[in-house]
Amino acid sequence: MDVPPMHPGPFYDELLVLQGDHKSAHVWEGELLAQTLCARRVDDMWDFMKDRDLHPRVVQRLQVTGFYRILEIGRLQLDWSLVTALIERWRPEMHTFHLPIGEATITLQDVEVLYGLPVDGLPVALPQAMREMTRGQYLDMLHQLTGFRP
């Protein structure tokens, strides 16, 4: 049984005003088939943390805020081909992925269910003084407090 090839692009692009500049337009034309996503990795942070115990006050604060689950989950194995495919299907005009089955997006509830992270309550935000720091000042502060400079 021969399956006809699926049309890779949007059938109606009236709403997709950025289509001409979108990476998917080049992928669908066969111009970027060999190019893969080079994403930033956080492996160095996990390598740093695996050999060190967190201070009890840090652990307590993470537990109180509900974010200790991030440390319990640990380093995630990512499928970089899947990430690349999702980036190619992301539509910034509509904030959705355009997939063969229709439009889809990731909600805050999805994050809560998949990772067990809290999404209710007060937001976690930086103090005003930290918002005004330069990147270098922020990295220096992180290094001073943790001994690690990303």
Side-chain angles (χ1 to χ4, degrees), residues 8-10 13-100 102-150:
D13 59 358
E14 295 87 26
L15 296 175
L16 305 177
V17 296
L18 302 175
Q19 180 61 28
D21 296 327
H22 195 268
K23 183 176 181 177
S24 65
H26 301 289
V27 171
W28 295 334
E29 295 298 324
E31 298 169 9
L32 300 176
L33 294 177
Q35 184 178 354
T36 57
L37 174 71
C38 287
R40 212 180 282 175
R41 301 236 182 192
V42 294
D43 294 342
D44 55 343
M45 182 195 72
W46 288 111
D47 290 340
F48 174 81
M49 291 182 63
K50 74 179 178 185
D51 298 328
R52 291 168 175 78
D53 293 328
L54 292 176
H55 191 280
R57 286 187 295 178
V58 173
V59 171
Q60 189 260 342
R61 179 54 57 195
L62 288 171
Q63 289 170 336
V64 166
T65 59
F67 285 104
Y68 189 74
R69 179 80 179 120
I70 293 171
L71 294 177
E72 293 174 333
I73 293 170
R75 184 188 321 200
L76 298 174
Q77 293 298 102
L78 298 178
D79 182 341
W80 294 106
S81 298
L82 175 62
V83 172
T84 300
L86 287 173
I87 288 172
E88 291 167 354
R89 291 290 184 163
W90 178 253
R91 301 312 312 204
E93 304 96 329
M94 304 175 80
H95 301 286
T96 58
F97 296 101
H98 282 244
L99 305 171
E103 294 179 358
T105 193
I106 300 169
T107 66
L108 201 51
Q109 185 180 11
D110 294 330
V111 174
E112 180 180 35
V113 170
L114 290 172
Y115 296 110
L117 295 174
V119 296
D120 301 332
L122 298 172
V124 177
L126 293 175
Q128 186 64 37
M130 288 181 69
R131 292 183 200 153
E132 297 172 359
M133 285 183 168
T134 65
R135 182 177 187 275
Q137 291 171 326
Y138 182 72
L139 292 175
D140 290 342
M141 181 193 69
L142 284 176
H143 186 257
Q144 179 185 359
L145 295 173
T146 66
F148 175 72
R149 184 180 175 96

Spatial distance of atom CD (Q144) from atom CE (M141) [nearest 0.5 Å]: 8.5 Å
Contacts of Y68 that satisfy ring-ring contact (aromatic ring centres under 6.0 Å, His included) - sequence neighbours left out: none
Atom pair CG/CD of L62 and E72 - distance to nearest 0.5 Å: 10.0 Å
Minimum-distance pair of heavy atoms, taken over all atoms of G66 and P118: O-CD, 3.2 Å
Interatomic spacing from CG in D140 to CE in M133 - rounded to 0.5 Å: 9.0 Å
Side-chain heavy-atom pair T105, H95 within 4.5 angstrom cut-off: no
Contact summary for R69 and L117, nearest pair of heavy atoms: CB-CD2, 3.8 Å
Min side-chain heavy-atom separation I106-F97 under 4.5 Å: yes
Atom CD of Q109 with >12 non-hydrogen neighbours under 6.0 angstrom: no
Within 6.0 Å of CG in D53, more than 12 heavy atoms from elsewhere: no
Least distance between heavy atoms, H98 atom then E103 atom: CE1-OE2, 3.4 Å
